[in-house]
2 protein chains.
Amino acid sequence: MAVTIKDVAKRADVAPSTVSRVIANSSRISEKTKERVREAMKELGYHPNLNARSLANKSTNTLGIVMPNTAKIAFQNPFFPEVIRGISMKAYQEGYGLYLSTGQTEEEILEEVKHMVYGGRVDGILLLYSRVDDQVMPFLIEQGFPFVLIGRPNDIEEGQVTYVNNDNFKAAKTVTEYLILLGHERIGFIGGNLDYVVTIDHMKGYEQALTNANIPVSKDYMVHHEEVKEGG
Amino acid sequence: MAVTIKDVAKRADVAPSTVSRVIANSSRISEKTKERVREAMKELGYHPNLNARSLANKSTNTLGIVMPNTAKIAFQNPFFPEVIRGISMKAYQEGYGLYLSTGQTEEEILEEVKHMVYGGRVDGILLLYSRVDDQVMPFLIEQGFPFVLIGRPNDIEEGQVTYVNNDNFKAAKTVTEYLILLGHERIGFIGGNLDYVVTIDHMKGYEQALTNANIPVSKDYMVHHEEVKEGG
DNA sequence: CTGAAAGCGCTTACAG
DNA sequence: CTGAAAGCGCTTACAG
């Protein structure tokens, strides 16, 4: 029962196509007509149906966000809130909406990504993590679906993936070197799940710094955060 | 160029409407036909266009999530990750997707909610916070749009709002009483922004406990987390 | 500068 | 049990 483009057209005494063009602010419509149509839209309280638009347009103005099994790990880590905040701001400015993955396992997440892509729910995807044996990226690449990875692709050839990363190897190495500089030798490493590339990079940087300083690397000083099991 | 219901229909030698019914698993279609159609879907790699479905159906299978200015406060607070995780799990199970608000200010958020509602982007909304002088709930109520509030409505009459809350007044009171029981008298209160109902309830509980114990309430012992200004 | 018509890919009465 | 047709609310060539 919502107000449609037809109602507006009738009210402004123009064709629906004209209303559509006014909405798109087409330069081919006279200012006079535009004003009349806009007035009618106001009076009627018109708002476009986004699903109809998406269908006709084949574009959704929505971005898909894929996180590692929702919140379980994701939100414990201050990185994700921060990155989502940045994404939100820009998305808002550009008039894009955000569609969130909800899967709890790798399989669920893959299924959801397929759903987003095949269903035409989103125009592009933001992958907020990179992991070994990832299924999602290969799927996206195969589909030729636009996406950006935050992190570093692992097994995938350069040029296949657009990504944004920071040098986690170097960061961890620098931190470790600093501790060594302070004279410490028994330096611990508390890392994330080793399935994530970021964790691997951190660990390698840590190990490299130790090795360079001729300090033996010992598993006894290394702890990894395992994924919490459901209900655990 | 994606495979449509028509392609499947042709392949299975049935009408598009039949394919649609097979997808919906209508009991009015013979098992034989169902199998033939399903086979055709497999072979062709058919996946429904969700926008078309939403348009025809007037339903999106998507829930809107509205958070206090994205992540800025939201994700610092472990409450939100946890609640989003719960929402995600259930949403996934029920085949619902999640659409996230991205606004940074109250005005932006309201605008977004209108966008979701008018645009037909979501079937219902989950409000993850309750604040004084809130604009969002009145709008939703006026529109008769389904939503659930997490928290307690402030200025709104009972029965107008479906909400899930815990007794923050009592919780804060109990905590304070415990400290009093231990013999403390100079008890500090570190609270959130006073625009949020939860903060108000906490503070009232704290104050009540003090008052009951004849301990004077002093502003000197109270600190409130103000919203961080952009770039601050 | 504007309109009539077809199309986007589904669903759902209405018939039979 | 199945099909033809209309409809959901937009957009966009094609004409004029």
Side-chain angles (χ1 to χ4, degrees), chain A residues 1-38 40-41 44-62 95 97 115-123, chain B residues 1-38 40-41 44-62 95 97 115-123:
Chain A
M1 302 303 94
V3 180
T4 73
I5 228 173
K6 269 190 187 172
D7 303 316
V8 176
K10 207 164 290 173
R11 177 102 177 194
D13 202 34
V14 295
S17 44
T18 300
V19 176
S20 177
R21 291 194 186 98
V22 172
I23 294 170
N25 200 21
S26 160
S27 57
R28 287 159 41 197
I29 304 290
S30 74
E31 270 312 314
K32 213 167 190 170
T33 303
K34 279 186 182 174
E35 270 174 34
R36 195 147 43 88
V37 171
R38 284 185 185 131
M41 297 197 304
L44 263 32
Y46 170 77
H47 295 277
N49 180 314
L50 266 23
N51 295 123
R53 182 178 284 179
S54 291
L55 180 59
N57 262 346
K58 289 169 176 330
S59 109
T60 60
N61 267 39
T62 302
H115 199 249
M116 291 187 199
V117 171
Y118 289 139
R121 271 266 187 265
V122 301
D123 294 343
Chain B
M1 303 302 92
V3 180
T4 74
I5 228 173
K6 269 189 187 173
D7 303 317
V8 175
K10 208 163 291 172
R11 176 104 178 193
D13 204 33
V14 295
S17 45
T18 300
V19 176
S20 177
R21 291 195 186 96
V22 172
I23 294 170
N25 200 20
S26 162
S27 57
R28 288 159 41 198
I29 304 291
S30 74
E31 271 312 315
K32 215 167 187 170
T33 303
K34 279 187 184 174
E35 270 174 35
R36 195 145 44 87
V37 171
R38 283 184 186 132
M41 297 197 303
L44 263 33
Y46 170 77
H47 295 278
N49 179 314
L50 266 23
N51 295 123
R53 181 178 284 179
S54 291
L55 180 59
N57 260 347
K58 287 169 177 335
S59 108
T60 60
N61 267 38
T62 301
H115 199 250
M116 290 185 199
V117 171
Y118 289 140
R121 270 268 187 264
V122 301
D123 293 343

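It should be emphasised that the depicted structure is a prediction, and the values quoted were computed from it without experimental measurement. Just the heavy atoms: all of them, side chains too, but no hydrogens, waters or symmetry mates, feed the values below. The chains referred to below are lettered A, B, ... by the order of the sequence lines, with proteins before strands, and numbering in each begins at 1.
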Discussion item. Under a 3.5 Å distance rule, please check whether A:T62 uses its side chain to pair with a backbone N or O of A:V122 as donor and acceptor.
Written reply: no
Discussion item. I'd like to know if the side chain of A:K34 and the backbone of A:S26 have a donor-acceptor N/O pair within less than 3.5 Å.
Written reply: yes
Item to complete: For residues 46-55 of chain A, pull every pair meeting side-chain hydrogen bond (donor to acceptor under 3.5 Å, both in side chains), keeping only residues two or more places apart or in separate chains.
Response: none
Practice prompt. Specify the separation, in whole Å, of atom CD1 of A:I29 and atom C1' of C:dC1.
Written response: 6 Å
Discussion item. If you compare every side-chain N and O of A:K6 against the phosphate oxygens of D:dC10 (OP1, OP2), does one of them come in below 4.0 Å?
Written reply: no
Practice prompt. Report the distance from atom CG of A:L55 to atom P of D:dG9, rounded to the nearest whole Å.
Written response: 12 Å
Response to the item:
When B:R36 and B:A56 are each assigned the nearest nucleotide of DNA chain D, the 5'-most assignment goes to B:R36
Under 3.5 Å, which protein N or O atoms sit close to an N or O of nucleotides 3-6 of chain D? Give each pair with its distance.
residue : atom : partner : partner atom : Å
D:dG3   : OP2  : B:A15   : N            : 2.9
D:dG3   : OP2  : B:T18   : OG1          : 2.4
D:dG3   : N7   : B:R21   : NH1          : 3.3
D:dG3   : O6   : B:R21   : NH2          : 2.6
D:dA4   : N6   : B:S17   : OG           : 3.1

Worksheet entry | Rounded distance [0.5 Å steps], CG in A:L44 versus NZ in A:K10 | 10.5 Å
Fill in: Residues which pass salt bridge (Lys or Arg N to Asp or Glu O under 4.0 Å) with A:R11, listed by chain and number, not counting sequence neighbours
A:E43
Practice prompt. Using atom CG of A:L44 as one end and atom C1' of D:dG9 as the other, report the distance to the nearest whole Å.
Written response: 15 Å
Item to complete: Looking only at non-hydrogen atoms, find the nearest pair between A:A15 and A:A9 and report the distance.
Response: C-CB, 3.8 Å
Worksheet item: Quick one: is B:S20 getting a side-chain N or O under 4.0 Å of the C:dT12 phosphate, OP1 or OP2?
Response: no
Worksheet entry | Nearest-0.5 Å distance that lies between atom CD in A:E35 and atom CD1 in A:I29 | 13.5 Å
Fill in: For DNA chain D, the dot-bracket pattern of Watson-Crick and G-U pairs whose distances stay under 3.5 Å, | for other-strand partners
|||.||||||||.|||
Worksheet item: Rounded to whole angstroms, how far apart are NZ on B:K58 and P on C:dA13?
Response: 13 Å
Worksheet item: So does A:T33 get a side-chain nitrogen or oxygen closer than 4.0 Å to the phosphate oxygens (OP1/OP2) of C:dC1?
Response: no
Worksheet item: What residues, two or more places apart in sequence or in another chain, satisfy side-chain contact (heavy atoms from CB on, under 4.5 Å) together with A:T4?
Response: A:K6, A:D7
Discussion item. I need the single residue from A:V19, A:D13, A:T18 that forms a side chain to side chain contact (heavy atoms under 4.5 Å, CB included) with A:T33. Which is it?
Written reply: A:T18
Worksheet item: So, is A:S30 close to the C:dT2 phosphate, meaning a side-chain N or O under 4.0 Å from OP1 or OP2?
Response: yes
Discussion item. Side chains of B:L50 and A:H115, heavy atoms from C-beta outward: is any pair under 4.5 Å?
Written reply: yes
Worksheet item: Can you tell me how far C1' of C:dT12 sits from CD1 of B:I5, to the nearest Å?
Response: 12 Å
Response to the item:
Tightest non-hydrogen contact, residues B:G120 and B:T60, listed as O-CG2, 3.0 Å
Practice prompt. With a 4.0 Å heavy-atom cut-off, tell me which residues in residues 45-54 of chain A come close to DNA chain D, sorted by residue number.
Written response: A:Y46, A:H47, A:P48, A:N49, A:A52, A:R53
Worksheet, complete the sentence: Note: A:P16 and A:I5 closest approach over all heavy atoms is CB-CG2, 3.9 Å
Worksheet item: Could you state the CD1-P distance from B:I23 to C:dG9, rounded to the nearest angstrom?
Response: 13 Å
Discussion item. Tell me the interatomic distance from A:M41, atom CE, to D:dC10, atom P, rounded to whole angstroms.
Written reply: 11 Å
